Trainee: 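Have a look at this one before I ask anything.
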Amino acid sequence: MKNKIKQHFRSQFERFKNEIRLPEYIFWWICRLLMLGACVYAHKNLPIHLFWAVAGNTLATFAISFFSGLFPQSLYFGRLPFRAQTYIDVFVIIGSFLGQCVHIGRYISFNDKWQHFIAGILAVFLGCSLMKAIAPDKELDKKQELCGGVGFSFFLMLVWEIFEFFADYFIKGSTNQDYSPGSINYNELFFKIFGLGAQNTGQYALYDTFFDILAATVGTVIAAVFFAVYKKVVSRKDEKYSAPKEAEMVSDAN
């Protein structure tokens, strides 16, 4: 039993060394330390539901290491690529550390929409990364990988907005409660695009949800186009590199 456990951790460590470089690993620990500090700040300064949100996001910075240690590589969660942790960490820093603790929204207009835009981009690459763990022995076609990434981004977006919508209704102190026509700046671009319907008391959450989905969709599309172009460029370089090698092998054989 002990030998199996040692072999498991050894194989996961070897996989970790092949997938992650030192700067990326340092970035992980910077994020973890920032979030541990954020937990202390949240415990003293934020409502209890936000403290638990920060605490949950802190645990997320250890997610891939936890799953790789707990599950064997024969199971999906034991094959999750370590690169996925980097994307998760960026999610956590932007959404939790900067959003809930630094309160960056005070300094950036439409910060929430920018967060959803960036999340749409990151979710595509996270989804593409997670797709690789489905069939580790097979090289996924770039179209399959991209479809998985885009699908994951839309799925994540939908689940989050459903959660956020009901959280606004049920959790006291949630973001979009207690809005009234007097508390809204009518000159914001938000209302110039969508009209004045959101000025009606109780309708802001609906408009906010739709605008979040729109911002994330734009990010998803941009990431999908970038991913497709990047994969095409890489495949062309691989073809140019492999062609001379094949020619040399043929000439040597003759």
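By convention here, the first residue in the shown sequence is residue 1. Note that the structure is a prediction, hence the values are computed from the model and not measured.
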Trainee: Are any side-chain N or O atoms of Gln73 and backbone N or O atoms of Arg79, one a donor and one an acceptor, separated by less than 3.5 Å?
Mentor: no

Trainee: Report the C-alpha distance between Lys232 and Val229 in whole Å, list the side-chain angles of each, state the deciding distance to 0.1 Å, and finish with yes or no for side chain to side chain contact (heavy atoms under 4.5 Å, CB included).
Mentor: CA-CA 5 Å; Lys232 196 167 188 178; Val229 173; 5.7 Å; no

Trainee: Looking at every heavy atom in both Phe152 and Ala123, which two are closest together, and how far apart are they?
Mentor: CD2-O, 3.3 Å

Trainee: So, are Lys17 and Glu14 salt-bridged, with charged N and O less than 4.0 Å apart?
Mentor: yes

Trainee: Where do Lys132 and Arg83 land on the side chain to side chain contact (heavy atoms under 4.5 Å, CB included) test, with the steps shown first?
Mentor: CA-CA 11 Å; Lys132 295 178 181 179; Arg83 179 59 47 77; over 6 Å; no

Trainee: Trp29 vs Phe62 aromatic rings, parallel, tilted or perpendicular, using cut-offs 30° and 60°?
Mentor: perpendicular

Trainee: To the closest 0.5 Å, what do you measure between CZ (Phe227) and SG (Cys128)?
Mentor: 4.0 Å

Trainee: Do Ser129 side-chain atoms and Phe125 backbone N/O form a donor-acceptor pair below 3.5 Å?
Mentor: no

Trainee: Do other residues, nucleotides or ligands put more than 12 heavy atoms under 6.0 Å from the CD atom of Glu19?
Mentor: yes

Trainee: Treat each ILVMFWY residue as a node, draw an edge where side-chain heavy atoms are under 4.5 Å apart, and state whether Ile30 and Met35 are in one component.
Mentor: yes

Trainee: Does the side chain of Phe27 come within less than 4.5 Å of Asp89's, by heavy atoms?
Mentor: yes

Trainee: Give me the atom names and distance for the closest heavy-atom approach of Leu126 to Tyr87.
Mentor: CA-CD1, 3.8 Å

Trainee: Please report whether the ring centroid of Phe16 lies less than 6.0 Å from that of Tyr25.
Mentor: yes

Trainee: Measure the NE2-CG distance between His8 and Asn3 for me, rounded to the nearest 0.5 Å.
Mentor: 14.5 Å

Trainee: Walk me through whether Thr220 and Met157 qualify under side chain to side chain contact (heavy atoms under 4.5 Å, CB included).
Mentor: CA-CA 10 Å; Thr220 299; Met157 176 201 320; 4.2 Å; yes

Trainee: Could you grab the distance from atom OG1 of Thr86 to atom CD1 of Ile20, nearest 0.5 Å is fine?
Mentor: 4.5 Å

Trainee: Would you say Leu33 ends up clustered with Val90 if hydrophobic residues are merged whenever their side chains have heavy atoms under 4.5 Å apart, either directly or through other cluster members?
Mentor: no

Trainee: Do Phe155 and Trp160 share a hydrophobic cluster, counting only Ile, Leu, Val, Met, Phe, Trp and Tyr and linking them when any side-chain heavy atoms are less than 4.5 Å apart?
Mentor: no

Trainee: If only atom types and distance count, is the side chain of Thr217 paired as donor or acceptor with the main-chain N or O of Ile213 below 3.5 Å?
Mentor: yes

Trainee: Test of understanding: clusters of I, L, V, M, F, W, Y form through side-chain heavy atoms closer than 4.5 Å, transitively. Do Leu22 and Ile64 belong to the same one?
Mentor: yes

Trainee: With a 3.5 Å distance limit and no angle check, can you tell me whether Ser153 reaches the backbone of Gly120 through a side-chain donor-acceptor pair?
Mentor: yes

Trainee: Using ring-ring contact (aromatic ring centres under 6.0 Å, His included) as the criterion, point out the one residue from Phe66, Phe77, Tyr76 that pairs with Phe71.
Mentor: Phe77

Trainee: If I compare all heavy atoms of Ala224 with all of Val124, which pair ends up nearest, and what's the gap?
Mentor: N-CG1, 4.4 Å

Trainee: Linking I/L/V/M/F/W/Y whenever their side-chain heavy atoms sit closer than 4.5 Å, directly or via other members, would Met131 and Leu75 fall into one cluster?
Mentor: yes

Trainee: Is the backbone of Thr61 close enough, under 3.5 Å, to the side chain of Gln85 for a donor and an acceptor to pair up by distance?
Mentor: yes

Trainee: Is a side-chain N or O of Glu161 found less than 3.5 angstrom from the main chain of Asp212, in a donor-acceptor match?
Mentor: no

Trainee: So, Gln12 side chain and Gly78 main chain: donor-acceptor pair closer than 3.5 Å or not?
Mentor: yes

Trainee: Specify the closest pair of heavy atoms between Asn57 and Gln100, including all atoms of both residues, with the distance to one decimal.
Mentor: ND2-OE1, 4.4 Å

Trainee: Is Cys31 close to Phe97 at the side-chain level, that is, under 4.5 Å between some pair of heavy atoms?
Mentor: no

Trainee: Is there a side-chain contact between Glu24 and Phe82 (heavy atoms, below 4.5 Å)?
Mentor: no

Trainee: Between OG of Ser68 and CZ of Phe13, what distance do you get to the nearest 0.5 Å?
Mentor: 11.5 Å

Trainee: What closest approach, in Å, do Ile121 and Gly219 show between heavy atoms, and which atom pair accounts for it?
Mentor: CG1-O, 3.2 Å

Trainee: Closest heavy-atom contact between Trp28 and Ser65?
Mentor: CZ3-OG, 4.2 Å

Trainee: Strictly distance-based, threshold 3.5 Å: is any side-chain N or O of Arg32 a donor or acceptor partner for the main-chain N or O of Thr58?
Mentor: no

Trainee: Is a side-chain donor or acceptor of Ser96 paired with a backbone partner of Ile93 at a separation under 3.5 angstrom?
Mentor: no

Trainee: Using side-chain heavy atoms (C-beta onward) and a distance below 4.5 Å, is Phe91 in contact with Leu156?
Mentor: yes

